Q: 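First, the structure itself, so that you have it in front of you.
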2 protein chains.
Amino acid sequence: MFVWNFRIMPKLKDQNKVEAIHKATIELITKTGFSGLKMAEVAKKSGVATGTLYVYYKSKEELINDVYVNTKKEISRAIINPEYLKDTFYDTFKAMWYGYFGYCLKHPEKMMFVEQFIYSGFISEVNISVTESYFEALNQFLIDGQKQGVIKDVDMEILKAYLQGSIHEIVKMVVKGAIELQKNDMHTCFTMAWNSIRK
Amino acid sequence: MFVWNFRIMPKLKDQNKVEAIHKATIELITKTGFSGLKMAEVAKKSGVATGTLYVYYKSKEELINDVYVNTKKEISRAIINPEYLKDTFYDTFKAMWYGYFGYCLKHPEKMMFVEQFIYSGFISEVNISVTESYFEALNQFLIDGQKQGVIKDVDMEILKAYLQGSIHEIVKMVVKGAIELQKNDMHTCFTMAWNSIRK
DNA sequence: AGAATAAATGAATATTTATTCACTATAAAC
DNA sequence: GTTTATAGTGAATAAATATTCATTTATTCT
């Protein structure tokens with residue numbers, strides 16, 4: 001008769017589908033907000049059946065949390081990059097600032113998704129600390145700058161909030177169409193940022 | 001028999017109720033986002049029956065738009081205030097900056113509500129131009145500063161985005177509990193803002 | 001006080017949307 | 001190529017939520 005057939009390798013979930021689902025989720029949330037996200041729309045936009053979403057995720061909430069952690073990791077890599085390390089604090093800061101500004105311009109929907117999510121009250125405690133750890137190196141870099149006396153001795157969180165807030169708002173205006181960024185404007189923005197934190 | 005009884009003054013809608021409804025709407029949207037707003041929750045929080053909401057507003061969308069226009073007007077008054085007019089550009093700017101920062105600290109839920117709404121895609125064209133008109137005087141003030149050569153010749157929208165973005169982000173951090181603002185910090189923040197736009 | 005009108009109510013209804021589930025298609029092991 | 005397990009499907013169901021409406025309450029005017 002028959003011997004039982006135990007599977008070694010599970011049949012793989014389609015990585016393209018995962019990416020399509022993430023992409024659709026981010027784009028839809030940017031438009032309609034966290035609570036406005038509809039699973040049917042995610043399914044349609046990512047080209048899978050609604051039921052498939054539940055093969056990948058237990059619930060809408062789990063889907064969104066997964067997308068969040070993923071995106072935060074991607075963002076940390078846009079700021080913290082070995083290539084950005086230069087000889088002076090100023091030059092490294094400049095590289096990081098442009099790295100993040102460039103990322104936001106390229107992926108405004110991801111920037112806005114993360115921004116919305118943080119204040120939505122749906123983020124789990126676990127994910128807060130997981131994602132904070134991604135930015136340890138940035139904190140260390142800024143603390144060093146303060147120790148060297150290159151930048152202002154402001155509370156670290158205020159410093160980061162200030163830098164991030166100005167970038168986000170400008171990018172949002174660009175997306176909205178209220179601002180057309182010329183090459184020169186970007187340089188001016190960086191100068192504004194640097195002047196605000198330098199000692 | 002009976003003579004018909006035509007009413008001169010309509011029975012008044014309760015202004016306290018309007019205010020309670022607005023307040024509840026703002027607070028709930030801050031927590032759960034635009035689409036997360038539930039009419040039943042608005043009713044409960046503002047102490048009226050669900051049906052009453054439809055006496056005052058045709059739909060949820062109309063309610064939110066009304067709250068938005070109202071809040072924008074209030075915000076414009078927090079920035080543009082005859083008392084703030086001083087002898088120098090610097091002093092007037094300082095008064096305005098503190099006026100807005102103070103308003104945001106006092107009413108973070110209103111600040112966040114407006115921020116969320118702008119990008120929600122539910123704002124009507126009419127309301128965009130109505131609310132923009134509230135800020136004409138601010139634009140004029142900043143243009144004057146540029147003409148006088150006191151502040152950088154940056155695109156006006158970039159300038160405003162930069163100033164607003166940094167304030168918003170810091171206030172959001174304060175609300176989140178990630179920052180504890182000391183008296184001194186506020187002054188430092190102002191200095192950062194001024195250093196970023198001064199010539 | 002009594003008639004007319006409009007505000008206010010909240011249970012009932014209509015609509016929207018998350019989730020399930022019976023079924024089909026496909027990949028892994030033999 | 002046959003078997004088995006799991007991915008994938010989408011119509012059906014369950015749950016959540018906006019809106020309506022018959023009724024009650026309060027206000028204005030004579």
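Bear in mind the structure is a predicted one, so any value in this text is a computation, not a measurement. Just so we're on the same page: letters track the sequence lines, and every chain starts at 1.
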Q: If we ignore hydrogens and angles and just use 3.5 Å, is the side chain of B/Y162 paired with the main-chain N or O of A/A193 as donor and acceptor?
A: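 Such a contact is found between B/Y162 side chain and A/A193 backbone.
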
Q: Among B/H22, B/E74, B/E27, B/E115, which residue satisfies the side chain to side chain donor-acceptor pair (under 3.5 Å) criterion with B/K110?
A: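 Going through B/H22, B/E74, B/E27, B/E115 one by one, the side chain to side chain donor-acceptor pair (under 3.5 Å) with B/K110 is satisfied by B/E74 alone.
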
Q: Tell me whether B/T131 contacts the main-chain N or O of B/V69 through its side chain, where contact means a donor paired with an acceptor under 3.5 Å.
A: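 Side chain of B/T131 to backbone of B/V69, a donor-acceptor pair under 3.5 Å: no, none is there.
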
Q: Protein within reach of the bases, or only the backbone? For nucleotides 12-24 of chain C, mark each nucleotide 5' to 3' as B, S or -, using heavy atoms under 4.0 Å.
A: -----SSBB----

Q: Is there a ring pair (Phe, Tyr, Trp, His ring centres under 6.0 Å) between B/H168 and B/Y100 once you walk through the steps?
A: CA-CA 10 Å; B/H168 282 195; B/Y100 186 53; 5.7 Å; yes

Q: Do the side chain of B/E157 and the main chain of A/M173 share a donor and acceptor less than 3.5 angstrom apart?
A: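 Here the side-chain-to-backbone pair does not exist.
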
Q: Using atom OH of B/Y57 as one end and atom C1' of C/dA7 as the other, report the distance to the nearest whole Å.
A: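 Between C1' of C/dA7 and OH of B/Y57: 15 Å.
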
Q: What integer distance in Å separates B/L53:CG from D/dT17:P?
A: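 The answer, rounded to whole Å, is 15 Å.
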
Q: Write down the distance between NZ (A/K17) and P (C/dT26), rounded to a whole number of angstrom.
A: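 Spelled out: NZ on A/K17 to P on C/dT26 is 11 Å.
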
Q: What's the NZ-P distance between B/K44 and D/dT17, to the nearest Å?
A: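 My rounded result for the distance is 13 Å.
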
Q: Which residue in the set B/Q164, B/E169, B/K160 passes side chain to side chain contact (heavy atoms under 4.5 Å, CB included) when paired with A/E169?
A: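 The side chain to side chain contact (heavy atoms under 4.5 Å, CB included) with A/E169 is passed solely by B/Q164 among B/Q164, B/E169, B/K160.
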
Q: Is any side-chain nitrogen or oxygen of A/Y56 closer than 4.0 Å to OP1 or OP2 of D/dG8?
A: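 Affirmative; the distance criterion is met.
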
Q: Is there a donor-acceptor contact under 3.5 Å linking the side chains of B/N65 and B/N127?
A: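 There is such a pair (donor and acceptor under 3.5 Å, judged by atom type) between the side chains of B/N65 and B/N127.
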
Q: Measure from the side chain of A/A49, starting at C-beta and using heavy atoms only, and say which of C/dA8, D/dG8, D/dG10 lies closest.
A: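 Among C/dA8, D/dG8, D/dG10, the one nearest the side chain of A/A49 is D/dG10.
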
Q: So how far off straight is the helix from C/dA1-D/dT30 to C/dC30-D/dG1, going by the axes through five pairs at either end, to 10°?
A: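 Answer rounded to 10°: the end axes differ by 20°.
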
Q: Any chance you could lay out the ring pair (Phe, Tyr, Trp, His ring centres under 6.0 Å) test for B/F89 and B/F141, step after step, and finish with the verdict?
A: CA-CA 8 Å; B/F89 180 89; B/F141 170 71; 4.4 Å; yes

